[in-house]
Amino acid sequence: KKAEEIIIKLQNKLNTLEASIKQKEESSKIKIREKEWYEKYRWTITRNEFLVIAGRDVDQNESLVKKMLDDKDIFLHADIHGAPATIIKTMGKEIGEFDLKDAAVISATYSKAWKEGLASIDVFWVTGDQVSKSPPTGEYLPKGSFMIYGKKNFIKNVKLELWIGLEDNNGVRLFVGSEEAVKKRCMFHVKLVPGEDDPEKTASKIIKIMNRENIPGANGLKEEIIKILPGRCKVIKENA
């Protein structure tokens with residue numbers, strides 16, 4: 001009986017190793033681009049090529065506002081408690097309405113609104129010089145909180161829809177954002193909305209679609225896909 005137990009344990013270890021080897025083999029079939037500095041955050045690139053970065057947690061929210069937010073940048077936040085600090089890096093250039101909408105998608109979909117299963121939410125934006133870590137006299141700002149001075153500009157009813165695609169430019173990388181931003185850059189794309197599938201099941205469904213479309217090395221992208229999901233999802237593929 002003891003020998004049988006040991007054999008079962010060894011077989012389980014062998015199965016785990018074989019699965020790991022298979023995943024590495026799948027990864028080697030696709031050329032992965034080296035990560036950029038901003039990929040440690042939530043991020044996208046707007047239709048007009050402006051970088052958008054957002055915090056993954058309270059620490060990143062704090063760091064982004066303290067270290068990355070310039071006066072002429074745009075700061076966005078979903079109108080709900082529990083949303084990422086989101087920044088459009090303008091580099092001093094004028095941005096357009098489409099850029100604001102592309103960035104608002106990141107602010108909205110990675111907020112608590114997704115986990116609550118909402119269909120849409122308002123997102124406000126201000127310039128970087130309207131955001132401060134200095135509270136009014138006698139008040140205290142908890143970590144990850146900020147004071148907004150002056151008028152807020154609202155983008156109403158931002159749909160809770162996140163598009164995920166595979167961008168190929170000297171190597172591939174996963175790309176998320178608005179429908180328009182993703183379709184502009186990506187050879188493959190699916191739409192995600194709040195749903196019942198946990199991140200692992202969602203990633204498996206996306207990989208299944210990739211395999212149907214003969215994308216090499218798709219199975220090796222599972223962990224990367226899981227990392228960029230906002231929560232439980234429903235996967236929608238056009239013309240599926």
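Any value given below was found using the heavy atoms of this structure, including those in side chains, with hydrogens, waters and symmetry copies removed.
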### Task
Check the side chains of D99 and T46 for a donor-acceptor pair under 3.5 angstrom, ignoring hydrogens and angles.
yes
### Within-4.5 Å side-chain heavy-atom neighbours: T86 and Y110
no
### Task
Flag the pair D59 / K143 as yes when at least one side-chain heavy-atom distance between them is below 4.5 Å, and no otherwise.
yes
### Query
salt bridge (Lys or Arg N to Asp or Glu O under 4.0 Å): which pairs involve residues 74-91, sequence neighbours left out?
D70-K89, D73-K89
### Query
Given side chains that start at C-beta, do those of F75 and L64 come closer than 4.5 Å, heavy atoms only?
no
### Query
For the side chain of S134 and the backbone of S132, is there at least one donor-acceptor N/O pair under 3.5 Å apart?
no
### Message
Using 0.5 Å steps for rounding, measure from the CH2 atom of W43 to the CD1 atom of I228.
### Response
8.5 Å
### Message
Using side-chain heavy atoms (C-beta onward) and a distance below 4.5 Å, is W114 in contact with L162?
### Response
yes
### Message
When you measure from the side chain of Q130 to the backbone of T127, do you find a donor-acceptor pair of N or O atoms at a distance under 3.5 Å?
### Response
yes
### Query
Is there a side-chain contact between K237 and E213 (heavy atoms, below 4.5 Å)?
yes
### Query
Which residue, I209, N214, I215, forms the side-chain contact (heavy atoms from CB on, under 4.5 Å) with R212?
I209
### Query
Counting N and O atoms only, with roles assigned by atom type, does the side chain of E180 sit under 3.5 Å from a partner on the main chain of D102, one being a donor and the other an acceptor?
no
### Message
Using side-chain heavy atoms (C-beta onward) and a distance below 4.5 Å, is K101 in contact with R47?
### Response
yes
### Message
If you define the side chain from C-beta out and look only at heavy atoms, does anything of I6 sit under 4.5 Å from L10?
### Response
yes
Atom pairs and distances, side-chain donor-acceptor, residues 186-198, under 3.5 Å, sequence neighbours left out:
unit_1 : atom_1 : unit_2 : atom_2 : d
D197   : OD2    : K205   : NZ     : 2.6
D198   : OD1    : E200   : N      : 3.2
D198   : OD1    : K201   : N      : 2.8

### Query
Does T109 use its side chain to pair, donor to acceptor, with the backbone of E161 at less than 3.5 Å?
no
### Closest approach of V126 to N153 (non-hydrogen atoms, all atoms of both residues)
CA-ND2, 4.5 Å
#### Entry: R56 side-chain N/O to K40 backbone N/O, donor-acceptor pair under 3.5 Å
yes
### Task
Look at E224 together with K227 and state whether they make a salt bridge at an N to O cut-off of under 4.0 Å.
yes
